[in-house]
K.L.:
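Right, I'll just put the structure down here and ask away after.
Scope of the values below: all heavy atoms of this structure, side chains included, with no hydrogens, waters or symmetry mates. Just so it is clear: chains get the letters A, B, ... in the order the sequence lines come, proteins before strands, and each one is counted from 1.
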Amino acid sequence: MAFGKGCHLHLIDGSAFIFRAYHALPPLTRKSDGLPIGAVAGFCNMIFRYVEANEGPDAPTHVAVIFDKGSHTFRNDLYDQYKANRDAMPEDLRPQMPLTREATRAFNIACKEIEGYEADDIIATLSRQAQAAGGRVTIISSDKDLMQLVGDGVEMLDAMKNRRIDREGVLEKFGVYPERVVDVQALAGDSVDNVPGAPGIGIKTAAQLINEYGTLEELLDSAEQIKQPKRRQTLIEKREQIELSKRLVQLDEATPLDFTLDDLEVLEPDPEVLLPFLAEMEFRTLTKRIADKLGVESPEIQIAAPAPEEGPSLADLPFDPDSYTCVRSAEDLAPWIAQIHARGWVAVDTETTGLNEMTADLVGISLCIEPGEACYIPLAHKAPGAADDLFTEDAPVEGQMPMADALALLKPVLEDPAVLKIGQNMKYDAKIFARQGIEIAPIDDTMLMSYAMHAGLHGHGMDALSDKYLGHTPIPIKSLLGSGKSQITFDRVPLDEAVKYAAEDADITLRLWQMFRPRLHTAQVTRVYERLERPLVPVLARMEMAGIKVDRETLSRMSGAFAQKMAQLEEEIHGLAGRTFNVGSPKQLGEILFDEMGLEGGKRGKTGAYATGADVLEDLATLHELPARVLDWRQLSKLKSTYTDALQEHINSETGRVHTSYSIAGASTGRLASTDPNLQNIPIRTEEGRRIREAFVAEPGKQLIALDYSQIELRILAHIAQIDALKEAFREGQDIHAATASEMFGVPLDEMTPDVRRQAKAINFGVIYGISAFGLARNLRIPREEAKAFIDRYFERFPGIRDYMDATKGFAKEHGHVATLFGRKIHTPEINARGPRAGFAQRAAINAPIQGTAADIIRRAMIRMEDAIRDLPATMLLQVHDELLFEVEEGAEDALIAAARRVMEEAAEPVIKLDVPLVVDAGTGANWAEAH
DNA sequence: CCTGTCACG
DNA sequence: GACGTACGTGACAGGG
């Protein structure tokens with residue numbers, strides 16, 4: 001069909017699709033050969049979704065996907081810096097580029113690119129041709145450069161946001177209509193494409209100037225008349241640069257094409273072509289979906305067994321467990337040490353008798369210097385267990401170096417500032433070595449490299465990373481140790497097996513390091529890794545080793561009291577129920593409440609059991625006494641089992657202190673997580689619970705000091721979202737929730753009631769969490785309509801908040817991640833999902849930059865803290881997200897507070913100058929309850 | 001091993 | 001138009 005009046009042309013910006021697909025999906029690889037395929041998969045999905053969405057009455061008659069071709073265009077001849085600051089294409093995306101073309105053709109959609117021209121120029125040329133022929137055009141892209149084409153039958157469609165952009169939309173974005181967009185762009189420049197523009201003039205100012213003077217040329221000719229001296233000078237002095245910028249942003253509407261509009265007619269996909277392509281890519285789900293849609297049978301997808309030697313990215317070297325060396329003597333070890341010095345780096349891994357670094361004993365050390373070249377140094381292996389004779393059982397295995405000898409030889413290497421020690425989760429090994437008197441440094445950590453690059457995409461344990469990035473499943477530790485009751489410790493593992501396992505770990509670590517090192521740069525997270533992740537390792541190691549003194553007597557006394565009270569309550573509850581049952585069983589409790597007692601409103605969860613959460617029981621408490629007693633019982637049960645009992649088990653017998661372990665790469669937002677035990681959730685909100693903190697004490701002659709950031713997340717929100725009213729309130733030191741309430745409800749601050757303030761507080765928190773009327777309604781126990789009215793009012797009073805939320809969601813959808821002020825990336829792979837998961841992902845995306853920036857700030861404070869308090873008799877013990885806890889000798893409290901507060905309040909600087917002050921509150925006491 | 005519950009920021 | 005919703009964690013008990 002010839003293109004003409006009544007025709008509708010769709011032009012799809014192919015590169016935008018590809019990059020969106022690439023960033024939206026984890027680095028998927030084709031199962032059979034490891035070919036990176038994530039972007040192709042995403043691309044095909046997007047094309048398919050596009051096709052499905054365009055079957056209606058407004059279906060296009062003509063369509064093409066347009067790509068960029070080559071990196072050199074006429075714009076580079078005009079200006080050699082054009083797009084010069086663009087990152088190189090990620091290594092794993094490059095091989096996917098030709099496949100996206102193939103995919104387009106497989107869908108039977110015209111696929112066009114022309115050497116030396118950008119896709120935008122081809123799109124411009126086709127749009128004008130279509131307009132001239134009397135047809136309509138829809139450009140599927142969100143690239144603002146294309147906005148100059150809009151109007152007179154040409155519209156843009158942002159496929160992700162599903163938003164059409166017409167002339168008014170362009171006006172909204174640029175402040176001018178499409179025909180003047182290039183003028184505004186020429187002035188404002190574009191940092192992404194490295195278009196210089198006029199320094200100091202952004203889109204707002206540019207639009208204002210153009211609207212005042214009509215066109216860019218008229219503006220430049222009348223530059224002398226401009227009142228603002230700075231602006232006038234810029235426009236006069238930078239005229240050439242501005243005119244060059246205009247030529248750079250101006251799309252070429254006369255690109256020579258080797259095809260015509262008629263060639264772009266919409267065609268049905270041919271199942272004989274499309275399905276084999278999808279099957280070859282090994283897209284199971286998509287192949288089936290499309291086959292169903294086309295009404296044909298889905299082809300069988302044959303996935304050959306992975307052939308590691310054919311893996312393209314890792315054409316390296318297969319893993320050979322038999323190639324590893326067992327080092328049994330100083331003579332064996334010497335050449336390894338020489339090789340390490342020759343290279344300047346070595347991957348190191350320790351094997352121990354357990355997972356708790358404070359109690360586990362060193363069993364052996366493995367080293368790797370090149371992929372495939374690794375050794376294991378057994379140091380404390382014993383004969384395999386269960387010997388009849390208790391004495392021979394503990395005899396060391398023959399042929400091991402004395403531990404002291406090995407450590408004496410390794411210590412200089414491990415502490416050599418010229419030798420980089422590479423590990424996976426180095427904090428563990430650093431602590432093991434520290435207990436042997438070795439301060440390992442400098443270090444790299446593959447777990448943290450992965451975390452900096454891939455937070456939110458997947459876990460960062462070695463097994464996951466090896467599988468994903470090396471296509472190799474490591475020997476499972478369970479195969480050596482067994483599990484459950486018969487589990488043995490690593491010192492009982494036979495040497496030949498131990499060598500294979502341990503050396504492989506070091507080998508994997510080295511290979512991951514070689515792969516990740518360049519990728520840190522392409523992912524632009526080198527600074528995050530080097531400034532926020534890696535330096536934290538020694539800091540946390542020292543905090544964990546310091547531990548905090550916990551008074552067993554106090555806990556034990558509380559346990560006894562709790563047990564007594566619980567027994568009492570249990571009796572009462574059984575009496576009220578009319579029979580005995582396990583109060584701790586939600587299942588049994590639900591049956592009692594809703595089946596036997598016949599209370600109304602029982603809701604079943606997905607397992608079919610009644611929900612009996614605190615919110616449910618609180619509602620029921622108005623109807624009957626039993627649920628109220630159960631709530632009391634549950635509180636005590638929680639306190640006893642999780643705190644007063646369990647904490648006693650964690651008191652280290654040697655130090656008399658409790659040593660938590662922080663996971664650096666656990667939470668996707670950059671927060672730390674505390675485990676074994678978790679010291680970040682010690683009770684404080686209720687009086688009974690709070691008393692548990694009395695058991696966390698300072699040594700005699702010392703004090704505990706707690707410093708915590710006041711409202712740090714709301715302050716960050718005020719800064720990021722640029723909310724002037726919030727900023728002002730913080731600058732004036734106002735009660736922020738009261739100030740919010742006052743602004744929203746018009747109540748003067750001195751007439752504020754606690755209830756109004758409470759509601760405003762809930763809204764403030766809600767905003768940080770990605771507010772919804774439902775969530776707020778549930779939190780405040782008010783009707784949803786009322787909650788919605790609150791939120792509407794809030795957005796009305798603080799319109800910047802909604803802009804922030806929309807912008808953050810949009811960014812996540814486009815890039816597949818969000819970022820903190822310090823550049824930490826948090827990936828949001830589900831952001832383009834459908835159904836309830838989309839909501840989750842969106843709220844998480846809104847929250848992540850705020851929570852993550854707060855996490856970055858306290859990390860910066862912790863990293864600087866040791867230096868700042870070096871001369872004080874004080875130790876940093878714990879971090880609880882926005883709080884740091886110190887132990888300090890009596891008499892030095894004030895000095896510590898002053899020094900630590902300064903570090904914390906200035907922690908964002910100099911990278912970020914926040915528009916709001918950071919404020920730190922401090923408390924001192926003999927125990928944690930008093931210090932808070 | 002999963003689910004529900006509840007402790008924290 | 002229906003659906004299901006506050007963000008981030010870890011530990012414990014029950015129950016299959």
Side-chain angles (χ1 to χ4, degrees), chain A residues 455-456 483-484 581-590 604-617 630-631 633-647 649-650 660-663 666-686 688-690 692-693 708-714 717 762-780 784 787 791 805 818 826 828 834-852 854-855 858 878-883 932:
Chain A
S483 64
F581 70 102
N582 185 346
V583 182
S585 163
K587 184 165 170 278
Q588 294 179 30
L589 176 64
R604 292 180 191 270
K606 43 190 151 192
T607 54
Y610 289 111
T612 66
D615 49 346
V616 176
L617 296 188
V630 172
L631 281 170
W633 184 91
R634 281 209 184 143
Q635 191 195 7
L636 295 178
S637 162
K638 179 79 175 181
L639 293 177
K640 182 170 186 294
S641 65
T642 310
Y643 301 105
T644 56
D645 288 350
L647 270 176
E649 306 296 312
H650 283 284
T660 185
S661 178
Y662 290 101
S663 18
S668 61
T669 53
R671 271 198 182 178
L672 301 179
S674 164
T675 62
D676 308 307
N678 182 352
L679 295 186
Q680 290 179 323
N681 71 346
I682 303 301
I684 191 166
R685 291 175 188 173
T686 66
E688 293 96 320
R690 191 188 174 91
I692 289 172
R693 296 190 173 221
D708 69 291
Y709 284 108
S710 160
Q711 306 291 0
I712 187 166
E713 293 193 353
L714 273 177
L717 173 71
I763 296 173
N764 275 335
F765 277 105
V767 165
I768 291 175
Y769 298 152
I771 200 158
S772 75
F774 184 94
L776 183 66
R778 197 173 63 174
N779 189 288
L780 285 176
R784 202 192 301 192
I791 294 171
M805 292 179 148
V818 292
I826 298 112
T828 55
R834 277 180 296 264
R837 293 191 320 187
F840 276 117
Q842 288 175 11
R843 291 191 296 273
I846 289 167
N847 173 261
I850 301 169
Q851 187 180 115
I858 198 165
L878 299 180
Q879 188 249 43
V880 192
H881 309 307
D882 64 355
E883 168 185 353
H932 214 279

K.L.:
Please determine, for the side chain of T675(A), which listed nucleotide (dA11(C), dT5(C), dG15(C)) has the closest atom?
P.N.:
dA11(C)
K.L.:
Is there a donor and acceptor pair, one atom on the side chain of R784(A) and one on the base of dT5(C), closer than 3.5 Å?
P.N.:
yes
K.L.:
Considering every strand and a 4.0 Å limit on heavy-atom distances, what is the contact class for S637(A): base, sugar-phosphate, or nothing?
P.N.:
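Nothing: the residue S637(A), judged by heavy atoms under 4.0 Å, touches no strand.
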K.L.:
Any chance CZ of R604(A) has more than 12 other-residue heavy atoms, nucleotides or ligands included, within less than 6.0 Å?
P.N.:
yes
K.L.:
Are R778(A) and dA6(C) close enough that a side-chain N or O sits under 4.0 Å from OP1 or OP2?
P.N.:
yes
K.L.:
Starting at atom CD1 of I846(A), determine the distance to atom P of dT5(C), rounded to an integer number of angstrom.
P.N.:
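That distance rounds to 17 Å.
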K.L.:
List for me each residue that meets side-chain hydrogen bond (donor to acceptor under 3.5 Å, both in side chains) alongside D645(A), sequence neighbours excluded, and say none if there are none.
P.N.:
S559(A), K640(A)
K.L.:
When you check the phosphate oxygens OP1 and OP2 of dC7(C), does a side-chain N or O of Q842(A) lie under 4.0 Å from one of them?
P.N.:
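Indeed not, no polar side-chain atom of Q842(A) lies that close.
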K.L.:
Measure the distance from CG on L636(A) to P on dA13(C) and round it to the nearest whole Å.
P.N.:
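The distance from CG of L636(A) to P of dA13(C) comes to 15 Å, rounded to the nearest Å.
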K.L.:
Round to the nearest Å and state the distance from F581(A) atom CZ to dG14(C) atom P.
P.N.:
13 Å
K.L.:
Tell me what G766(A) touches on the nucleic acid: a base, only sugar-phosphate, or nothing, going by heavy atoms under 4.0 Å.
P.N.:
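The answer is base, as G766(A) lies within the cut-off (heavy atoms under 4.0 Å) of a base atom.
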K.L.:
Given the rule in the side chain to side chain contact (heavy atoms under 4.5 Å, CB included) test, do I826(A) and Q851(A) qualify, once you have shown the distances and angles that lead to the verdict?
P.N.:
CA-CA 11 Å; I826(A) 298 112; Q851(A) 187 180 115; over 6 Å; no
K.L.:
Across the strands shown, which category fits N582(A) at heavy-atom distances under 4.0 angstrom: base, sugar-phosphate, nothing?
P.N.:
sugar-phosphate
K.L.:
Take atom P in dT5(C) and the same atom in dG4(B), then report the distance between them in whole Å.
P.N.:
12 Å
K.L.:
Nearest whole angstrom, please: distance from the P of dT5(C) to the CD1 of I768(A).
P.N.:
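The answer, rounded to whole Å, is 22 Å.
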K.L.:
Considering every strand and a 4.0 Å limit on heavy-atom distances, what is the contact class for L776(A): base, sugar-phosphate, or nothing?
P.N.:
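The residue L776(A) makes base contact.
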K.L.:
Could you walk me through whether Y643(A) and N681(A) satisfy the side chain to side chain contact (heavy atoms under 4.5 Å, CB included) test, starting with their C-alpha distance in whole Å, then the side-chain angles of each, then the deciding distance to 0.1 Å, before giving a yes or no?
P.N.:
CA-CA 10 Å; Y643(A) 301 105; N681(A) 71 346; 3.4 Å; yes
K.L.:
Does a side-chain N or O from S585(A) land closer than 4.0 Å to OP1 or OP2 of dG15(C), or not?
P.N.:
yes
K.L.:
Looking at R843(A), does any N or O in its side chain come under 4.0 Å of the phosphate oxygens OP1/OP2 on dT5(C)?
P.N.:
no
K.L.:
Suppose you measure atom C1' in dC2(B) against the same atom in dA6(C); what distance do you get, rounded to whole Å?
P.N.:
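These two C1' atoms come out 24 Å apart once rounded.
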K.L.:
Between S661(A) and D676(A) (side chain of the first, backbone of the second, donor and acceptor by atom type, cut-off under 3.5 Å), is there such a pair?
P.N.:
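No, S661(A) side chain to D676(A) backbone: no donor-acceptor pair under 3.5 Å.
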K.L.:
Of the options V880(A), T660(A), L878(A), T675(A), which is the one that meets Q680(A) in a side-chain contact (heavy atoms from CB on, under 4.5 Å)?
P.N.:
V880(A)
K.L.:
Could you run through nucleotides 4-9 of chain B and give me one letter per nucleotide, 5' to 3': B if any protein heavy atom sits under 4.0 Å from the base, S if only the sugar-phosphate is that close, - if neither?
P.N.:
SSBBBB
K.L.:
Take the protein atom CG of L589(A) and the nucleotide atom P of dA13(C), then report the distance between them rounded to whole Å.
P.N.:
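In whole Å, dA13(C) P lies 17 Å from L589(A) CG.
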K.L.:
Touch check for A646(A), heavy atoms < 4.0 angstrom, all strands: base, sugar-phosphate only, or nothing?
P.N.:
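Sugar-phosphate, backbone atoms only, no base.
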K.L.:
Applying a 4.0 Å non-hydrogen cut-off, can you work out what A762(A) is touching in the nucleic acid: base, sugar-phosphate, or nothing?
P.N.:
base
K.L.:
NA contact type, F840(A), heavy-atom cut-off 4.0 Å: base, sugar-phosphate, or nothing?
P.N.:
sugar-phosphate
K.L.:
Are the side chain of Y662(A) and the backbone of Q879(A) linked by a donor-acceptor contact shorter than 3.5 Å?
P.N.:
yes
K.L.:
Quickly work out the Q879(A) CD to dT9(C) C1' distance and round it to whole Å.
P.N.:
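The distance from CD of Q879(A) to C1' of dT9(C) comes to 12 Å, rounded to the nearest Å.
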K.L.:
Distance between the P atoms of dC3(C) and dT5(B), in whole angstroms?
P.N.:
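So the two P atoms sit 23 Å from each other.
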K.L.:
Does dC6(B) have a Watson-Crick or wobble mate here (both distances under 3.5 Å), and if so which one?
P.N.:
dG10(C)
K.L.:
Locate the shortest heavy-atom distance separating I846(A) from V767(A); write the atom from each residue and the value.
P.N.:
CG2-O, 4.1 Å
K.L.:
Would you mind reading off the distance between L717(A) atom CG and dC7(C) atom C1', rounded to a whole angstrom?
P.N.:
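In whole Å, dC7(C) C1' and L717(A) CG are 13 Å from each other.
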K.L.:
Given L639(A) and T644(A), is the side chain to side chain contact (heavy atoms under 4.5 Å, CB included) satisfied, shown in steps?
P.N.:
CA-CA 6 Å; L639(A) 293 177; T644(A) 56; 5.6 Å; no
K.L.:
Taking CZ from R837(A) and P from dA6(C), how many angstroms apart are they, rounded to a whole number?
P.N.:
17 Å
K.L.:
Can you check the distance between dG4(C) and dC8(B), where both ends of the measurement are the P atom (answer in whole Å)?
P.N.:
30 Å
